[in-house]
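In what follows, a single structure is set out as C-alpha cells and then discussed.
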Amino acid sequence: MLSSLGMTKKFIFITGGVLSSLGKGIASASIAFLLEAKGLKVALMKLDPYLNVDPGTMNPFQHGEVYVTDDGAETDLDLGHYHRFTNSPLSKASNATSGQIYYEVLRRERKGDYLGKTVQVIPHITDEIRRRLVECAKQVDGIDVTIVEIGGTVGDIESQPFLEAIRQFRHEHLRDSINIHLTYVPYIEHAGEVKTKPTQHSVQKLQQSGIFPDMILCRCKDPLDEEIKAKISLFCNVPLHGVIDLIDVKNSIYEVPLLLQKAGLENSISELLGLPQKTADLSVWEKMIQTLIQTKKHVTIAVVGKYLQHQDAYKSVFEALKHGGISNETKVDIKCIESDKIADVDDLREKLAGCSGILVPGGFGSRGISGMIMAAKFARENNIPYFGICLGMQIMVIEFARDVLNLPGAHSTEMDLETPDNIISLLSEQINTTDLGGSMRLGAYPCSVDPKSLAFACYQKEEISERHRHRYEFNNHYKERCESKGLKIVGTWKEGNLCEIMEIKDHPWMIGVQFHPEFKSKPLEPHPLFKGFIAAALKYNDESRRN
Ligand code: GLN
C-alpha cells in the first residue's frame, strides 16, 4: 500500500495504561496535527472495546457526547477531538467497537461464510480488526499515516483482541508501524518525588500482549527530569528520545501539540517511521492560542441542558463556544444550568445573572423540558441572545406556540403523545406524511438559507450542509401561523420539505437549528453560527452595561 509520498503507508498505534482519562484522544489528535503540519496526510481511527454496536444507544451520562459524521455514523467523542485538531477524514471507517466487530463476524458465520470452520477470536475477530485498520487507511486517496487509538486501559479483558490484532499487524509491518504508550507519572506530595513504577507495570502488561512500545508518553504535572526519563527508558526498554513528557496544560487543550513538539515527539516519530524530517511550522496555531490567553474580553454563556453533570456530554458544544470566542477575541465562560433544577422564573433570573447569552443544546426525553422552555421564554422576552440546537430549536418553537400562538398545550410528541398541538412530531404523525419513517435522521443534509435572514448574515452562503441526529421535526402544518406571528423558517431541506433553521423576527439574535453545528467547528475555523452568537452576546453585554 503506497501513500501520497510514494512510501509505504505508516501506522501509529496508541495505547493507554495506568488509568483512564489521561487524554489519549487529545494526544492522538495532537500527534496527527503535528504530522499534518509537516505536510503529511493523516487518518485517525478509534477502536472502542465495549460491546455496544455504537455509542448511539448509550446514555450520555455513561459515555459523553455521541459525535456524528457526515455519513451518519454515531461515534465516540474522541472523533470530535480529531476533527477539531486535524483534517483527517472522518466516517464510518474511523470508529469500530468490539460490538461491531463481533456482529460482523457472527453475521458471516450465520451466512455460512466460514464453511464449517470453528469461528474464533484468533483469527476471525483479529482478522476483522485488521481488515478495518486497512479500510481506514484506504478510505480516501493518499493517506500517509493512520493513527489508531485503542480505547480503555491496557489490562482490560475487553481490549485483548485489539491488542492481539495490533501485535499481528506489527509483526507483518515492523518498519511501517510503531506503538506509543500513554501512561501516568504521578507526583507524590509527601515523598516530594515523581514515581515511575505505575509506568513500568503498565508497560510490562503491554509487553505480555506481545507489544513492545517504541515511545512512551508520560502524562505528568511538571516536566520530567532527565534522570526520571532515563529510568523509564531503561526499565521500559525504550530509547531515551522516545520518552516524552506530556505535562498538564495551563490554559487550553489546544496547547498540547505545541508542548509535544517542544518535547521532541515529532522528531522521534519521524526517525522511527522514516518520515520527512521537516519541522512543522505552528505559528498560526500559536497565534490563535496567544489570542485565547491574552484577551481581556470575557463573556458568560448559560448552557441550559440536562446532561450537565457529565462534563463530556456536550463536549463539541462547549468547544464550539470557545471557538466562537476566539474569532471574537473573547474568552467564553460557560455557566451550566441544570434545566430540571430551575424552580421558577425568579430562580432562573438569579441563575442567569451575569450571562449574556443562552444556549439550549440537544437532548432526549422529557426530564428538564419545562426549565428549558422557561429559558427560551426568558430569552425571547428580554432580548437575550438565544441559540437552540436540535432539542433547543424544538423548545424555542414549543415556547413560541404556547405563548405567542396561544396554543397552551403545544408540545413535541416525544414528550406528550396526547398533545392537542403536535408542533414537533414524527413525520408519520404529520399531515403531509412522506415515506420517511420515524427513525433517526443521521448525518449530513443540505439546507437552503434565506438570504434575508440572520442565519445568512452568519453563513454568508445560501447552500450549506449540516449534520443531524434526531427523530422529531417541526410540523409544517403550523408553518403559516408561526411565520405570520414572527417565527420565521429561514433554512429548509428542500427535497424533504423540512424546516432546519428558525429565527424570531423581532429579536436581536434568537436562532434555532434542527442540526448540530457544533460538530463542524474548529478553533481556526469557528462555526459561523457560534461566531455570530458570541458576537451577539458581546453586544448584549455592552448594551446592558451601558443601561
Ligand atoms: N429528542 C429530539 C429528537 O429526537 C432532539 C434530539 C437532539 O437534540 N439531538 O428529535
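In each ligand, atom 1 is the first atom listed, and ligand 1 is the first ligand listed. Along the sequence shown, the residues carry numbers beginning at 1. Since the structure is predicted, the reported quantities are computational estimates derived from the model, not experimental observations.
Of the protein's non-hydrogen atoms, the one nearest atom 7 (C) of ligand 1 is Cys390 SG, 3.0 Å. For atom 4 (O) of ligand 1, the nearest non-hydrogen atom of the protein is Arg471 N, 3.0 Å. Nearest protein heavy-atom neighbour of atom 10 (O) of ligand 1: Tyr472 N, 2.8 Å. Among all protein heavy atoms, the one lying closest to atom 5 (C) of ligand 1 is Gly363 O, 3.3 Å.
Gln139 and Ser91 are linked by a side-chain donor-acceptor pair at a separation below 3.5 angstrom, with hydrogens and angles left out of the test.
The shell of residues lying under 4.0 angstrom from ligand 1, judged by heavy atoms, includes His516. Using a 4.0 Å cutoff on heavy atoms, Met440 does not count as a contact of ligand 1.
Ion pairing between Arg402 and Glu399 fails under the 4.0 Å rule for side-chain N and carboxylate O. A salt bridge does not link Arg132 with Glu135: every distance from a Lys NZ or Arg NE/NH1/NH2 to an Asp or Glu carboxylate oxygen is 4.0 Å or more.
Counting non-hydrogen atoms of other residues, nucleotides and ligands closer than 6.0 Å to NZ of Lys335 gives a total above 12. Sparse packing is recorded around CD of Glu329, with 12 or fewer heavy atoms of other residues, nucleotides or ligands lying under 6.0 Å away.
Formation of a donor-acceptor pair under 3.5 Å by the His516 side chain with backbone atoms of Glu518 is not found in this model.
Counting all heavy atoms, side chain and backbone alike, Tyr67 lies closest to Phe519 at OH-O, 2.8 Å.
Here is the list of ligand 1 atoms found below 4.0 Å of a heavy atom in Glu414: 1 (N), 2 (C), 3 (C).
Below 3.5 Å of separation, one finds no N or O of Gly365 facing any N or O of ligand 1. In terms of polar-atom proximity, defined here as any N/O pair under 3.5 Å, Leu391 does make such a contact with ligand 1.
Under 4.0 angstrom from ligand 1, the non-hydrogen atoms of Arg469 all belong to its backbone. By the criterion of a heavy-atom distance under 4.0 Å, neither the backbone nor the side chain of Glu473 is placed next to ligand 1.
Across Asn95, Asp71, Leu79, a single residue satisfies side-chain contact (heavy atoms from CB on, under 4.5 Å) together with Leu90, and that is Leu79.
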